[in-house]
Amino acid sequence: MTTLLQHPGYEEEKLQRVADQIPCREVQAGTLLSLMGQPEQCSFPSIFIYGHRATGKSHVMNVLLKELELPHATVSCVECVSVALLFEQVLLSFFGGDSASQLPRSPSLSDFVRIYRQQCSQSAAKQTRYIVMEKAELLRDTDANLLPALLRLRELVEDNVSVILLSEIVWDKFRPNTGCFEPILLHFPDYSKGELHQVLSQDRHPSYSAEFYSSYINILLGVFYSVCRDLRELRHLAALNFSKFCEPLEEGKAKESDTHKLWKNIEPHLKKAMQTVYLREVSSLQWEQMQEMEEQETKTMRGLSAHTHVELPYYSKFLLIAAYLASYNPARTDKRFFVKHHGKIRKTNFLKKNEKTSNHLLGPKPFALDRLLAIFYSVVDSRVAPTASIFSQISSLVTLQLLSQVSHDDQLDAPKYKCAVSMDFICAISRTVNFDIVKYLYDFL
């Protein structure tokens, strides 16, 4: 296959290796090569590359520098929390550890320029040296003179060096107020749907054919492309759900060509995964364990999604449990369930004739706020102070329609609520906090 990258200063074989590693980014790589020029020539003093997250900026830059064997220093502005670390990383990459050790404890820009020029006098650059600054937008929080100095570093050190800034924001929001040397701008656009399909299809599993994995990626993009176009996130989702897609094949229930059966099997899992796109509320291992647990659960568990398990805060779950107990237990039974030394009380002693009907058939009854909190502090397994956070979580449960307020808004002294969740729902919530709610329900005595 003929390479799309052509440059007179580099071997065609190396350019071919570069093209193979950067699918759908050959145009940007070719523009970048034109700006960089031949290795022995002077490149532009500074280049500003911008684009959204996961558009291939760092990948293309690293592949070009490594495959073409160009002298470079890659600096992450996230890892270099101080200017001293930044200077040390550059000197270490170009001149070795001896030069980095010459930096004082708190080096200034003048110290860095002085040491750099000393090293250049001993070992002059035969090729252009490149300094790649990843997450360069963090440079705006450093000293005001650092960014303008990096953009004109070639003049300061009198060396054939080029600084390449990689950022997710545009140059207009990056430019210092004091003004500086304007770099060459290069934009990396987002991947299109076809380009995402081409890139993701290269990660195919060796046990399956390329056509089969391509059809899986096509299904995945059909679900997620409207809400997520981040290559990293889509690659994570593809690896996470591929085993579920292959289950009918492993069980012998379908063939690779049975696209409809494979889609029906993977559809509910992809819908659940869509609820946690970008959030990463659970790790990949936890997600797989949750999928296995859901398959082993009874039908009563199926009404609760995996998202509900992890979204409610810890104390909100106990508040919801307390609300359910307050709605379905008579108030006079609270002493029996929640007071340790209540004495011996028989159910038949306070069972009225008209109370033969189950409370769950009659529906939830309203309860006061003070009763809810009293039950909550009894069932929670740790001492909790009555802070504003607890009361705000009650309001959140009302907003989520898990609780309903039945008193008027002007009734501030004694607000009343009802629990609006089912028995199946509260049992599933109770299992996540290892609380046996059946032992505390009056109907099941």
Side-chain angles (χ1 to χ4, degrees), residues 21-22 25 28-29 32 45-66 70-95 97 99-101 103-109 111-113 115-116 129-153 161-177 180 183-191 228-237 239 277-281 283-284:
Q21 297 181 49
I22 52 171
R25 280 294 176 259
Q28 288 73 24
L32 196 53
S46 54
I47 302 174
F48 184 82
I49 301 176
Y50 66 101
H52 289 154
R53 181 178 180 268
T55 52
K57 302 182 296 295
S58 298
H59 178 65
V60 170
M61 199 69 246
N62 291 332
V63 170
L64 280 174
L65 295 175
K66 290 180 180 178
L70 300 174
H72 64 279
T74 302
V75 180
S76 172
C77 295
V78 177
E79 297 176 359
C80 295
V81 294
S82 66
V83 178
L85 291 175
L86 189 152
F87 294 157
E88 181 181 347
Q89 182 67 31
V90 173
L91 294 175
L92 190 65
S93 301
F94 288 154
F95 309 110
S99 60
S101 62
L103 285 170
R105 187 168 185 178
S106 298
S108 64
L109 180 62
D111 296 326
F112 170 71
V113 171
I115 297 174
Y116 194 108
R129 295 187 174 111
Y130 294 95
I131 301 177
V132 181
M133 310 291 294
E134 297 181 347
K135 295 289 182 181
E137 57 267 16
L138 297 178
L139 292 174
R140 298 180 300 170
D141 301 328
T142 59
D143 297 338
N145 65 340
L146 180 61
L147 179 59
L150 289 175
L151 295 175
R152 307 185 71 159
L153 187 62
V161 60
S162 178
V163 176
I164 300 177
L165 306 176
L166 308 182
S167 178
E168 296 180 11
I169 64 176
V170 296
W171 175 247
D172 291 337
K173 295 183 179 180
F174 200 100
R175 184 185 291 109
N177 296 329
C180 64
I184 300 295
L185 304 184
L186 177 60
H187 179 235
F188 273 54
D190 292 338
Y191 288 102
C228 174
R229 302 182 184 185
D230 190 322
L231 178 61
R232 296 178 188 174
E233 188 72 18
L234 290 171
R235 182 169 280 158
H236 168 75
L237 291 168
V277 171
Y278 291 115
L279 298 180
R280 300 289 174 89
E281 295 171 324
S283 65
S284 301

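The first residue of the sequence shown is numbered 1, and numbering continues consecutively from there.
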Trainee: To the nearest 0.5 Å, what is the distance between CG (Leu186) and CE (Met61)?
Mentor: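 Here the rounded value is 9.5 Å.
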Trainee: How are the rings of Tyr116 and Phe112 set to each other: parallel, tilted or perpendicular (split at 30° and 60°)?
Mentor: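 Perpendicular: the ring planes of Tyr116 and Phe112 meet at over 60°.
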Trainee: Quick one: does His59's side chain have a donor or acceptor within less than 3.5 Å of a partner on Gln21's backbone?
Mentor: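 Answer holds: yes.
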Trainee: State, to 0.1 Å, how close His187 and Gln28 come at their nearest heavy-atom pair, and which atoms those are.
Mentor: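 Looking at all heavy atoms of both residues, the closest pair is O-CG, 4.1 Å.
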Trainee: Determine yes or no for a side-chain-to-main-chain donor-acceptor pair under 3.5 angstrom, with Lys57 supplying the side chain and His52 the backbone.
Mentor: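 Checked: pair present.
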Trainee: In Å and rounded to the nearest 0.5 Å, what is the OG to CG distance from Ser101 to Leu92?
Mentor: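 Nearest 0.5 Å value for the OG-CG distance: 9.5 Å.
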Trainee: Please identify each residue that fulfils ring pair (Phe, Tyr, Trp, His ring centres under 6.0 Å) with Phe188, with sequence neighbours left out.
Mentor: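 Partners of Phe188 by the ring pair (Phe, Tyr, Trp, His ring centres under 6.0 Å) criterion come out as none, since no residue qualifies.
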Trainee: Short question: side chain of Arg129, backbone of Ala73 - any donor-acceptor pair under 3.5 Å?
Mentor: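 It does not hold such a pair.
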Trainee: Under the side chain to side chain contact (heavy atoms under 4.5 Å, CB included) test against Ile49, which residue among Ile164, Ile184, Leu185, Thr55 passes?
Mentor: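 It is Ile164, the one option of Ile164, Ile184, Leu185, Thr55 that forms the side chain to side chain contact (heavy atoms under 4.5 Å, CB included) with Ile49.
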Trainee: A side-chain contact here means heavy atoms from C-beta on lying under 4.5 Å apart; do Leu139 and Leu165 qualify?
Mentor: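 Contact flag for Leu139/Leu165 side chains = yes.
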Trainee: Measure the OG-CD distance between Ser167 and Glu134 for me, rounded to the nearest 0.5 Å.
Mentor: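 Answer for the OG-CD pair, Ser167 versus Glu134, is 11.5 Å.
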Trainee: Please check: side-chain N/O of Arg232 versus main-chain N/O of Arg53, any donor-acceptor pairing under 3.5 Å?
Mentor: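 No; zero donor-acceptor contacts below 3.5 Å.
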